[in-house]
2 protein chains.
Amino acid sequence: MATRSTGRTDVTRSAILARLGAQGPASRADLARALDVSPALITQLVKELIADGLVDEREHSPSQGGRPARRLGLVSSAGHAVGLKIAPDHLAFVEVELDGTVIRSAQEPFDASSATLLEGLGHAVEGFIDGGSGVPILGIGVAIPGTVDAQGSGIVDSYQLDWNDMPIGPTLRRMLGLPVLVENNVNALAMAERLFGIGRNHATFLTLTIGTGVGLGLVMDGVVLRGGSGGAGEIGHVPLVADGVLCSCGNHGCLETVIGQASLERRARDAAVIPQRAGIAALTRAADDGDGRAQEIFSDAGRVLARVLAGVVQVFDPESVIVLGEGTAAWKHWASGFEPEFRATLLPSRRGVPVEVETWTDESWAQGAAALVLSTPFDAVGLAGEQGRLVRSRLSVVPKPGVQSHGR
Amino acid sequence: MATRSTGRTDVTRSAILARLGAQGPASRADLARALDVSPALITQLVKELIADGLVDEREHSPSQGGRPARRLGLVSSAGHAVGLKIAPDHLAFVEVELDGTVIRSAQEPFDASSATLLEGLGHAVEGFIDGGSGVPILGIGVAIPGTVDAQGSGIVDSYQLDWNDMPIGPTLRRMLGLPVLVENNVNALAMAERLFGIGRNHATFLTLTIGTGVGLGLVMDGVVLRGGSGGAGEIGHVPLVADGVLCSCGNHGCLETVIGQASLERRARDAAVIPQRAGIAALTRAADDGDGRAQEIFSDAGRVLARVLAGVVQVFDPESVIVLGEGTAAWKHWASGFEPEFRATLLPSRRGVPVEVETWTDESWAQGAAALVLSTPFDAVGLAGEQGRLVRSRLSVVPKPGVQSHGR
DNA sequence: ACAACTTTGTTTAGAACTAAAGGAACTCTA
DNA sequence: TAGAGTTCCTTTAGTTCTAAACAAAGTTGT
């Protein structure tokens, strides 16, 4: 859609902030090149940003053969973002600085099927924010396992949560008076990866998330692809085995029925590799301890995944694949099956595609959610639309540290 | 990467022209909405465009409840584009108007392995242009079966043509003094589809091309995706059969070895459905004439294709799939296997994805190539880069009809 | 037939941005 | 140690675009 143009809001001011936050300190000249604007504009905007207390001048970087650059850094405490991950039985919160570093985090039980879940959710977020540092909150990012309406207003369909047209975005917006960005959890994670993770160095990559299921995030030319109806990346339901096991989606033989967590656990239990009541953690432990049968379960899954993912890499042509999720704890066991099969199945010209594993923590999902907020100043027009503009304006208006003004 | 902004060249002037060309006449208000600029700007730029003879005012459209709109139309003869398709043994040319209509076309034998192929190519294009209508040529689009360097300068690698780092773009640019845009043929076709075909009504869709092989074009949010190294859409080499038939790519059991033209022909010959020396055309005729064995060969292929394509649709979430290529002549036979399998394999929420067949002519490939030129004013910064800017400037400078000035 | 409403198109002041030219601060070469 | 070359940053004048207010040309309701 003939991408936008000038004027209206100060997109570039925010782009500078986002760039400094995401990529670390940089000189004015660096910024001009990176954002593809004239040095003149950077000079002028940086002057304002310094006056506003959002940016400060740091040390000189060594000369590159000419006048040495004066590096600029983000005053990362100038604004914070909150990330929220919604799971069927609990909520996970984080508060992060502009550069993505986690300030604090929390977990809380939650009942996604409760009749009063919307109020409960709102109060939980209020509670988390109130316990905060006093630094103004720019917005709330919410990661959900499911799909969001295309307009990005935050109305959620989720099979896992058993939600249908659930107005998460509108409700939180009304209760909190803050910008709220709702997105599929896998896409949110891809966004975080692009801003703060390995993806920082690639414009076009795939994120593969291994958890209870498998998911795919598609990032092309620096943009997270959402598909026609916000449902891109559903690799878990790629058809694999004709007339295979019945999948939760109603079809038979989806990838998830073969290499999903439940499938691995069942296989392990049937083979008595782990006790009947044990789960994936026990299986991972067994493999770590050298149990050959446990290792084989993972490497078999790796081989299957390899062929499917090779197909996607063939079609999508990414520079890199990044592996994420709770399941990465067992990745080294997956890899023994995955790696040889993956390489052997790729076109010769793609065979060098790196597969990198990102370190995973309990807070990673919520961190991904927070990245939704921090990413908004980045898109010129922006998926984020109205909410993105609100985040931008809050960022620009942020007062000198000290005074707070959340809500409103 | 923080999409660009204002200034520099008159991007929007060209966007107006492209929009009018691609979507037909529209009012000023329509244009403002479509291009996401202010009505004020449209008023001003249209004034200039009318003065330049590139746009004219047409009839009034009926009122929508307020002041009726005065529609604007492109003076489509204001500039032409040339499209060139390169095949191993021949070249196909078309000259099109700004709205994509074909003015004239030509074919010419060609030897892609000749030592003097570059000069030959240049002279062939010169010959075609010189035989033209006298309307200024905005640029040359070249569609090749292979990959182009990421910078878009037009250096080609092609297995089919047996080319390695072949400087098609630089050579033609030097010989002709015109903007030259080189792109993979499948991607060029996707671009044409987006500008002038069924894809006009969808922002996010797949094009499936069936010819000697199968190819995929990915269009998301109106942009043709090229992948990290310009090789996106290689569905022909998705791994399908473990330890299957050896493929030209060096791997075994690629999709192409199962449903590629050569494979169908072999199967038909082995079963004596067609004579030993006959090809796909004979097989199609047999199926058309009611030969059940021929029909089954196609429907079997359709079933296989359905499962692979369902996987891609799962991952990519397009609004629509468009089928193109010489092979569409037999699509109704493919479809009897494809349709039921495709629907049954998709997620319930995707099951309604339309699969539409575009009408196909001998000139379609070259028309796709020409669309490369006509699309350049559309991208804000643009894949097209330098060449796109040149096309834009030629479009703006186009004189009142009459005077010509190609080269230089 | 008149006001109220809607949509289209135009004008004007001002914001966002660029290009071009030049000053500032350093390195390299002779 | 002087000049030539680089890279970084700033200033100035001018372009592209927006926002806001308004004029134009219709439809609809009473």
Side-chain angles (χ1 to χ4, degrees), chain A residues 2-17 20 25-51 55-72 377 380-381 389 392-393 396, chain B residues 2-17 19-20 25-51 55-73 377 380-381 389 392-393 396:
Chain A
T3 332
R4 255 311 272 337
S5 309
T6 184
R8 195 145 62 196
T9 44
D10 39 6
V11 177
T12 311
R13 267 174 70 106
S14 321
I16 293 174
L17 295 173
L20 290 178
S27 72
R28 282 162 242 248
D30 287 340
L31 289 171
R33 282 186 295 261
L35 303 179
D36 196 13
V37 296
S38 65
L41 181 59
I42 299 290
T43 292
Q44 170 148 348
L45 294 181
V46 164
K47 199 185 294 173
E48 297 170 22
L49 288 170
I50 291 177
V55 164
D56 53 6
E57 292 195 316
R58 305 271 166 92
E59 79 288 356
H60 289 258
S61 26
S63 162
Q64 311 277 34
R67 172 174 170 173
R70 169 162 268 150
R71 310 225 296 161
L72 302 166
V381 190
R389 219 170 309 138
R392 279 197 279 274
S393 72
S396 314
Chain B
T3 331
R4 255 311 275 334
S5 309
T6 185
R8 194 144 64 196
T9 45
D10 40 5
V11 176
T12 310
R13 266 173 72 105
S14 321
I16 292 173
L17 295 171
R19 178 82 193 183
L20 290 177
S27 71
R28 283 162 241 248
D30 286 340
L31 289 171
R33 281 186 296 262
L35 303 179
D36 196 14
V37 297
S38 66
L41 182 59
I42 298 290
T43 293
Q44 170 147 348
L45 293 182
V46 164
K47 199 184 294 174
E48 297 170 23
L49 289 169
I50 291 177
V55 163
D56 51 8
E57 291 195 317
R58 306 270 166 92
E59 79 290 355
H60 289 258
S61 28
S63 162
Q64 312 276 33
R67 171 175 172 175
R70 169 161 267 148
R71 310 224 297 161
L72 302 167
V381 190
R389 219 170 309 140
R392 279 196 279 274
S393 72
S396 315

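Since the model is a prediction, treat every value here as computed from it, not as a measurement. Each chain gets a letter, A, B and so on, in the order its sequence line appears, and its residues count up from 1.
Side-chain nitrogen and oxygen atoms of A:Thr43 include none within less than 4.0 Å of the OP1 or OP2 phosphate oxygen of D:dT11. At D:dA24, none of the side-chain N or O atoms of B:Arg70 fall inside 4.0 Å of OP1 or OP2 (strictly under the cut-off).
Atom P of nucleotide D:dC8 and atom CD of A:Gln64 are separated by 6 Å, given to the nearest angstrom. Residue B:Leu45 contributes atom CG, which lies 6 Å from atom P of D:dC17 at whole-angstrom precision. Atom CD of A:Gln44 is separated from atom P of C:dA15 by 11 Å (rounded to the nearest Å). The interatomic distance linking B:Arg71 (CZ) with C:dG9 (P) rounds to 11 Å, in whole Å. Computed from coordinates, the B:Arg58 CZ to C:dT8 P distance equals 19 Å when rounded to whole Å. Taking atom CG of A:Leu31 as the reference point, atom P of D:dC9 lies 9 Å away to the nearest angstrom. For the pair A:Asp30 CG and D:dC8 P, the interatomic distance rounds to 7 Å; values are reported in whole Å. Between B:Lys47 atom NZ and C:dG9 atom P the separation is 14 Å, expressed in whole Å.
A donor and an acceptor atom sit less than 3.5 Å apart, one in the side chain of B:Arg67 and one in the base of C:dT8.
The nearest pair of heavy atoms linking A:Ser38 to A:Ala32 is C-CB, 4.2 Å. Of all non-hydrogen atoms in A:Pro25 and A:Arg71, the two that sit nearest each other are O-NH1, 3.6 Å. Residues B:Ser63 and B:Gly65 share a closest heavy-atom pair of OG-N, 2.9 Å. Smallest separation of non-hydrogen atoms from B:Leu20 and B:Ala26: CD2-N, 3.8 Å. Nearest heavy-atom pair across A:Leu72 and A:Arg58 is C-CG, 4.3 Å.
Contact annotation for A:Ala69: backbone-only contact, meaning every heavy-atom pair under 4.0 Å involves sugar-phosphate atoms and none involves a base. Using a 4.0 Å heavy-atom cutoff across all strands shown, B:Arg33 reaches sugar-phosphate atoms only and no base atom. Across all strands, A:Pro39 comes closer than 4.0 Å to base atoms (heavy-atom distances).
Comparing D:dC17, D:dT11, D:dC9 by their closest approach to the side chain of B:Leu41 singles out D:dC17.
Checking B:Gly65 against B:Ala40, the closest nucleotide of DNA chain C that is more toward the 5' end is the one next to B:Gly65. The 5' end of DNA chain C is approached more closely, in terms of each residue's nearest nucleotide, by A:Glu48 than by the other of A:Ser63 and A:Glu48. With DNA chain D read from its 5' end, the first of the two nearest nucleotides for A:Arg28 and B:Ser38 is the one closest to A:Arg28.
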